[in-house]
Amino acid sequence: MRKLFLPLCMLLLIGGCKKSELDVANSSPAADKSIDIVKYKEESSQSPHVTPPNAISEKLLPDENESAQPSVAPKKIDTIAKKVIKNGNMRIQVGDIKKAQTQVADILKKNNAYIQTEQFQNTDVDDNLDLVIRVPHKNFDALINSFSDGVGSVLSKNISSDDVTEEYTDVSIKLANKRIYLEKYRDMLRSASTTKDMIEIQEKIRELEDEIDVAEGRLRFIDDRVNYSTLNLSLYKEKVRSSATSKIGFGSRFGDSVTEGWNSFVSFLLGIISFWPFLLLIPIIIYLWRKWKGGRPK
C-alpha cells in the first residue's frame, strides 16, 4: 500500500504544477496583445481604408443647378417686418407762392421732412413750384393732412401704398445663400493645388461678390423707400388778368379786328414791293420774246 500511495501523490503534484503554468500563460500580456491584434484585423477587414484626395478636382466644385438646394443649411432668416412704400402726389392752388413756401417750410420742419428737388416755372398764365419731399414713414399721413388744411385749395391728391415684403424676403434669403457659397468657395481656394482650379474658383468668387453687392444695394434701396416716403407737391398760382384786358367789349374787339386787317394788308403790299427787282425783269422778258417771234421766217 505504501508503495502505491507514494507514486499517486507524485502524479497529483506534477499535474497541479502544469495546470498553474497554463493559467499564468493565458493571463500574460502577450496573450492580450495577440487577442487585440486579431480583433483589429477583424474590424479592419469589415471597414475599408479611405485615402484623402491629393488635389482638388473640378468635380469638387459645387454644381450651379444645386445652388437652389445647398448642402449646407442656410442661416435662419429672422422674421422680416412688413415693408410698405408710400408715395403721394398733390397739386394745390395758392394765392401767393412766397407765402406758401414759408408755410411749407414750417410744415416740413414739424414733420422732420426735407426737400429733395425743387423746380420753379413762371409763365404768362401761372406760376408753378414743384417739390419732391421725403418724409419719415410714420409722419407721412400727418404731412398730407397739414398740406390739405392750411396751405391752399387742393386741386388733386393721389396716395399709393406698395407692399414689398415678399420681394425683400426673397432677396434676403438669396443673399444669405450666396454668402454661404462664397465661404465654401473661399475654403476651396485655400485648399486648391492646381492653377486651373484656383482660376476657376476665383472667377466664381468674383461673380458671387458682384451678386452680393447687387442684392445688398437692392435691400438698402427698399429700406430707404420704406423708411422715408416720397411726396410730389405742386404749388400752383393762376395769374390775374389786368383790368384793361378784362374789360374789353365787342366794339373794342371789332376795332381791333379792323386795325389788324389793315395791318395785314399793308404787310402784304410791302411784301410785294420788296420783289421790285423781279418786276423790272418782266418788261425785258416780254420785249425779247416779241422780237424773237417777229424775226422768225413765215
Side-chain angles (χ1 to χ4, degrees), residues 74-180 208-240:
K75 296 181 180 178
K76 184 178 180 181
I77 303 297
D78 296 335
T79 303
I80 296 176
K82 195 175 184 66
K83 302 287 184 179
V84 178
I85 298 176
K86 280 190 174 183
N87 295 314
N89 296 279
M90 291 187 69
R91 182 171 175 83
I92 301 176
Q93 185 176 6
V94 298
D96 189 353
I97 290 290
K98 292 184 179 179
K99 183 180 179 181
Q101 279 184 294
T102 304
Q103 293 176 339
V104 168
D106 294 337
I107 293 174
L108 296 181
K109 186 176 181 181
K110 291 179 182 179
N111 293 278
N112 296 325
Y114 66 93
I115 297 175
Q116 186 175 28
T117 60
E118 179 177 351
Q119 183 179 4
F120 178 75
Q121 186 177 8
N122 182 8
T123 65
D124 296 335
V125 180
D126 55 19
D127 293 334
N128 285 283
L129 179 63
D130 297 324
L131 304 174
V132 178
I133 299 173
R134 302 298 306 281
V135 59
H137 179 79
K138 60 182 180 180
N139 298 335
F140 181 76
D141 294 334
L143 184 73
I144 296 295
N145 295 332
S146 298
F147 286 145
S148 301
D149 296 337
V151 177
S153 177
V154 179
L155 301 179
S156 63
K157 180 172 67 173
N158 182 21
I159 307 299
S160 63
S161 298
D162 187 13
D163 190 348
V164 293
T165 308
E166 183 178 356
E167 179 186 359
Y168 193 92
T169 304
D170 183 61
V171 175
S172 299
I173 293 174
K174 290 181 179 179
L175 177 61
N177 290 337
K178 291 181 188 300
R179 286 172 175 168
I180 291 174
L208 281 174
E209 288 176 343
D210 292 341
E211 294 174 359
I212 289 173
D213 291 339
V214 173
E216 289 177 344
R218 181 59 183 171
L219 292 180
R220 286 193 298 268
F221 175 80
I222 294 176
D223 285 332
D224 176 70
R225 294 297 170 178
V226 170
N227 296 331
Y228 276 82
S229 301
T230 304
L231 174 65
N232 296 314
L233 178 64
S234 178
L235 301 178
Y236 160 78
K237 178 191 175 183
E238 185 178 0
K239 291 185 177 180
V240 180

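Along the sequence shown, the residues carry numbers beginning at 1.
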Under the side chain to side chain contact (heavy atoms under 4.5 Å, CB included) rule, what do Val84 and Val226 come out as? Steps first, then yes or no, please.
CA-CA 6 Å; Val84 178; Val226 170; 5.9 Å; no
Could you tell me whether the side chain of Asn227 and the main chain of Asp223 form a donor-acceptor pair under 3.5 Å?
yes
Are the side chains of Ile159 and Lys157 in touch, meaning some heavy atoms are under 4.5 Å apart?
yes
May I ask you to check if Lys86 and Phe140 form a cation-pi contact, with NZ or CZ under 6.0 angstrom from the six-membered ring centre and within 45° of the axis?
no
In Å and rounded to the nearest 0.5 Å, what is the OG to CG distance from Ser156 to Asn89?
8.0 Å
Any chance you could measure Asp170, atom CG, to Lys174, atom NZ, to the nearest 0.5 Å?
4.0 Å
Verify the distance criterion only: is there a donor paired with an acceptor across the side chains of Tyr236 and Asp127 at less than 3.5 Å?
no
Over all heavy atoms of both residues, which pair between Tyr228 and Asn112 is shortest? Give the atoms and the distance, please.
CE2-O, 4.4 Å
I'd like to know if the side chain of Asn111 reaches the main chain of Ala113, judged simply by a donor and an acceptor atom lying under 3.5 Å from each other, with no hydrogens or angles considered.
no
State whether the side chain of Asn145 and the backbone N or O of Asp141 hold a donor-acceptor pair below 3.5 Å, judged by distance alone.
yes
Against Leu131, only a single residue in Leu108, Val104, Leu231 fulfils side-chain contact (heavy atoms from CB on, under 4.5 Å); can you say which?
Val104
Straight-line distance of Arg218 CZ to Asp213 CG, nearest 0.5 Å:
16.0 Å
Should Val214 and Ile212 count as side-chain neighbours, where that means a heavy-atom distance under 4.5 Å?
no
When rounded to the nearest 0.5 angstrom, what is the spacing between NZ in Lys83 and NE2 in His137?
10.5 Å
Can you check whether Val151 reaches Val94 side chain to side chain, under 4.5 Å on heavy atoms?
yes
With the threshold set at 4.0 Å, does a side-chain nitrogen-carboxylate oxygen contact exist between Arg179 and Glu216?
yes
Quick test of your reading of the model: are Asp106 and Lys110 salt-bridged, counting only N-O distances below 4.0 Å?
no
If we only count heavy atoms from C-beta on, is the Lys237 to Gln93 side-chain gap below 4.5 Å?
no
Side chains of Met90 and Ser148: closer than 4.5 Å at any heavy-atom pair?
yes
For the atom pair OG (Ser234) and CG (Leu129), what is the distance rounded to the nearest 0.5 Å?
7.5 Å
Does Thr230 have any side-chain contact (heavy atoms from CB on, under 4.5 Å) partners at least two apart in sequence or in another chain, and if so, which?
Asn87, Val132, Arg134, Arg225, Asn232
Quick one: are Leu233 and Asp130 in side-chain contact, heavy atoms under 4.5 Å?
no
Say you draw a straight line from CD of Glu211 to NZ of Lys178; how long is it, rounded to the nearest 0.5 Å?
3.5 Å
Would you check if there is a donor-acceptor pair between the side chains of Asn128 and Asp126 at a distance under 3.5 Å?
yes
Ile107/Leu143 under side chain to side chain contact (heavy atoms under 4.5 Å, CB included): CA gap, chis, key distance, verdict
CA-CA 7 Å; Ile107 293 174; Leu143 184 73; 3.5 Å; yes
Is the closest side-chain heavy-atom distance between Pro136 and Asn139 below 4.5 Å?
yes
Can you check whether Gln116 reaches Ile133 side chain to side chain, under 4.5 Å on heavy atoms?
no
